[in-house]
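Along the sequence shown, residues carry numbers from 1.
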Amino acid sequence: HWKIAKPPEVEDLDYQLLFTMLNEGYGHYLSIAAMTGSDRAALTLISRKTLAPSGDLANFSAKWKEYQAATTAEGRAALIRSGHIGKMWDKWVAWTGALVIGTIIDKAGRTALMDCLQAGPYACWYQYQGLCETPLALPESFVKRVCAVEEKERAGTLVPPTATGNGVNP
C-alpha cells in the first residue's frame, strides 16, 4: 500500500530504518491480527510484547545506540536487517513498527492508515504521534533524526546514492 515499493535509494539510512520499521511492522501486525481474529486482540498482544521491560522497545533503544555508533553504511544496514530478519519474536524493528501501525488502526481506523501509507513513512509517524497521549518512548535522537530527514524529503534535498557514498548523512 505504500506509494513506493521500497525505500527510496537515498544515502540516508535513517529514512530506510523508519521505512523498514513501518513496512515490516505492517506485515507483522496483519499476521497477528489474522492469528488472533481481531485488531484489538492483535494490538493487545503486540503491546505486551513490545512494551515489556525487556521487550522490543527496550531492545530498539539499545540497538539505536549501536546504530548511531556504526561508522559505515554496511554496519548500519546490518543493524536494520537484524531488526526484521530472523526468528519472528526477535525482530526489534518490526515489532516496534507493528505497535505504531496497530495504534493508528485502533485510534483512527484502517482508512486513516491507508491514507498514511499513501503519504509515506513520515505521515504514519506523525499520525501515530498525534493520536497518542503518550507516544512510544523511542530514543529522542531517533525522533530528531526522523524529523530532520523529513525536512530534507520535503525540501527535495535527500542525498542520492553515489558509488562512493557511505550512507551516513550527518
Side-chain angles (χ1 to χ4, degrees), residues 1-2 4-36 42-106 113 116-117 120-129 132 135-150 152-153 158 161 165-170:
H1 297 306
W2 293 105
I4 51 177
K6 64 178 185 164
E9 296 300 325
V10 297
E11 286 191 4
D12 201 310
L13 289 173
D14 298 343
Y15 183 98
Q16 292 184 25
L17 174 60
L18 179 63
F19 181 95
T20 301
M21 181 178 89
L22 296 170
N23 190 53
E24 293 293 326
Y26 183 51
H28 281 60
Y29 179 85
L30 292 176
S31 173
I32 296 300
M35 185 175 67
T36 62
L43 183 58
T44 299
L45 178 63
I46 292 166
S47 294
R48 281 192 210 135
K49 160 111 181 69
T50 305
L51 299 175
S54 62
D56 293 298
L57 187 57
N59 200 5
F60 188 100
S61 295
K63 293 290 187 179
W64 173 250
K65 289 177 185 172
E66 287 181 46
Y67 178 86
Q68 284 187 296
T71 57
T72 66
E74 294 78 19
R76 286 187 173 190
L79 281 164
I80 292 172
R81 280 191 306 278
S82 78
H84 71 92
I85 295 174
K87 295 180 182 176
M88 181 161 176
W89 293 107
D90 292 342
K91 300 175 182 179
W92 58 276
V93 169
W95 291 114
T96 303
L99 185 59
V100 170
I101 295 294
T103 300
I104 294 170
I105 290 171
D106 184 59
L113 176 66
C116 288
L117 294 177
Y122 293 109
C124 288
W125 178 255
Y126 285 107
Q127 174 82 346
Y128 163 75
Q129 285 193 311
C132 295
L136 286 176
L138 290 171
E140 185 177 343
S141 55
F142 173 75
V143 175
K144 285 181 180 178
R145 289 293 295 152
V146 166
C147 294
V149 176
E150 179 184 30
K152 287 181 187 178
E153 180 185 44
L158 279 175
N166 68 358
V168 181
N169 281 342

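- When side chains are defined from C-beta on, Val100 counts as touching Leu22, because their heavy atoms get closer than 4.5 Å.
- Separating the CG atom in Leu17 from the NE2 atom in His84 is a distance of 9.5 Å, to the nearest 0.5 Å.
- When every heavy atom of Lys63 is checked against every heavy atom of Leu79, the shortest pair comes out as CD-CD2, 4.2 Å.
- Considering all non-hydrogen atoms of both residues, Lys49 and Trp95 come closest at CE-CD1, 4.1 Å.
- Residues Gln68 and Arg76 approach most closely at O-NH2, 3.4 Å, considering heavy atoms.
- The shortest non-hydrogen separation linking Cys124 to Ile104 is O-CD1, 3.4 Å.
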ask   = Is there a side chain to side chain contact (heavy atoms under 4.5 Å, CB included) between Leu113 and Tyr26 once you walk through the steps?
value = CA-CA 10 Å; Leu113 176 66; Tyr26 183 51; 3.6 Å; yes

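- Between the CG atom in Leu117 and the CD atom in Gln127 there is a gap of 10.5 Å [rounded to 0.5 Å].
- For Phe60, the ring-ring contact (aromatic ring centres under 6.0 Å, His included) test picks out Trp92, Phe142, with sequence neighbours left out.
- The shortest heavy-atom contact between Tyr29 and Leu43 is CE1-N, 4.3 Å.
- Considering all non-hydrogen atoms of both residues, Met21 and Thr96 come closest at SD-CG2, 3.9 Å.
- Side-chain N or O atoms of Thr36 include one that pairs as donor or acceptor with a backbone N or O of Ile32 at under 3.5 Å.
- Ring planes of Tyr67 and Trp64: parallel class, angle under 30° (limits at 30 and 60°).
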Steps toward side chain to side chain contact (heavy atoms under 4.5 Å, CB included) verdict (Ile101, His28) = CA-CA 10 Å; Ile101 295 294; His28 281 60; over 6 Å; no

